[in-house]
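Here is the structure we will look at, set down as structure tokens.
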Protein chains: 2
Amino acid sequence: MINPVTNSLAERCRQKGLRITGPRRVILRVLDRAKDHPDVEELHRRVSAIEPGINIATVYRTMNILAEHGLIERHSFSDGRARYEAVPEEHHDHFINVETGQVIEFRSDEIERIQQEIAHQYGFDIVSHRLEIYVRPTQKNKK
Amino acid sequence: MINPVTNSLAERCRQKGLRITGPRRVILRVLDRAKDHPDVEELHRRVSAIEPGINIATVYRTMNILAEHGLIERHSFSDGRARYEAVPEEHHDHFINVETGQVIEFRSDEIERIQQEIAHQYGFDIVSHRLEIYVRPTQKNKK
DNA sequence: ATACATGCAAAAATTTTGCTACCGT
DNA sequence: ACGGTAGCAAAATTTTTGCATGTAT
């Protein structure tokens, strides 16, 4: 009963010995608060709204550093650009609604378990995984 | 017992009403034969080896058209560039060996089934999905 | 014949990098 | 003080596009 919910990214950066600078603090805050999966441009927009003058190159560099340290996850989904989210306390997967583009998180212990099983059959240990399910709303209650 | 193994991409293009031009024929052949997941540059290299003079813009355009028609799949894996494969007769997922970068295909009906189940619980029909498991060889028989 | 496809070069979009100055530890 | 970091601009990379010409159907 020690951890409240999640350590903030800033805390986790500190634990890794990364410096918490002004720009970085803002970027980390934006990532902590994001409930979606913004790309670099969107991150930069949000960062700039909090504190103007932070260069987009800094956002790119920070994303690379955070990803190297395993503090954020990089996604691609259907679109081209890279999109990011803070590494969640508990792993989850994603539904992507193809009609709206909306991303919905979900988790299934059964899927997690079976993946382990299959990987072991192939002689592998899982490092990480990524499951994206592209969906549309069930058509039964249509007009 | 009508289909031999798989219809060639060229055949499937024809069925969709896409024109089979010279450059396109070569690109489709390369895709048909590829057992890996080449990016545009690599595709262009292979295409050029068969027939020089085909512009990389044509490869890009063709990939976009084929993807729109659902004839190829676009991946991202860990790296930046988009990578492609002809849509397989039967869907499969991927292991990515993080130590070597090698991509291994696999399939689990159980995983397929559970995904359906979960999607339905959320009120969705599955359009497609993508599962990538990043792995490393099991460590038990180490030196 | 006509709509679609290609080549080429230019442009757009995305990401990285060199360099100097700055700031966190 | 030291070494990582930021800003800025330039460069590198990846992808798209306008346009004139060519070609499959």
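Naming: A, B, ... by sequence-line order, numbering from 1 per chain. We use all heavy atoms of the structure for the numbers below, so side chains are in, but hydrogens, waters and symmetry mates are not. Values in this document were obtained by computation on a predicted structure and should not be read as measured data.
As rounded to whole Å, 12 Å separates atom P of D:dA24 from atom CZ of B:R14. To the nearest angstrom, P of C:dA9 lies 9 Å from CG of B:N55. The CD1 atom of B:I20 sits 11 Å away from the C1' atom of D:dT25 (whole-angstrom rounding). For the pair A:L18 CG and C:dT25 P, the interatomic distance rounds to 11 Å; values are reported in whole Å. Taking atom CD1 of residue B:I65 and atom P of nucleotide C:dA3, one finds them 17 Å apart after rounding to whole Å. Regarding A:H44, its NE2 atom lies at a distance of 12 Å from the P atom of D:dA6, rounded to whole Å. Between the CZ atom of B:R61 and the C1' atom of D:dT16 there is a distance of 8 Å, rounded to whole Å. Atom CD1 in B:I56 sits roughly 9 Å away from atom P in D:dT14 (whole-Å rounding).
Salt bridge annotation for A:E41-A:R81: absent, with no cationic side-chain nitrogen under 4.0 angstrom from a carboxylate oxygen. A salt bridge links B:D36 to B:R46: one of the charged nitrogens lies within less than 4.0 Å of a carboxylate oxygen. The existence of a salt bridge linking B:R45 and B:D39 is excluded, since no basic side-chain nitrogen approaches an acidic carboxylate oxygen closer than 4.0 Å.
A close approach under 4.0 Å does occur between a side-chain nitrogen or oxygen of B:R81 and OP1 or OP2 of D:dT14. Within the structure, every side-chain polar atom (N or O) of A:T21 is placed at least 4.0 Å from both OP1 and OP2 of C:dG24. Dashed line: the shortest gap from a side-chain N or O of A:Y60 to OP1 or OP2 of C:dT16 is not under 4.0 Å.
Both B:E41 and A:P23 lie close to DNA chain D; mapped to their nearest nucleotides by heavy-atom distance, the more 5′-ward contact belongs to A:P23. The nearest heavy atom of DNA chain C to B:A57 and to A:N64 marks one nucleotide each, and the one closer to the 5' end goes with B:A57.
For the residue pair B:H129 / B:Q115, a side-chain donor-acceptor distance below 3.5 Å is found, with atom types taken as modelled. A donor-acceptor contact closer than 3.5 angstrom links the side chains of A:E85 and A:H75.
A donor-acceptor contact under 3.5 Å is formed by the side chain of B:R19 with the base of C:dA3.
Looking at the side chain of B:I54, the nearest of the listed nucleotides D:dG7, C:dT16, C:dG7 is C:dG7.
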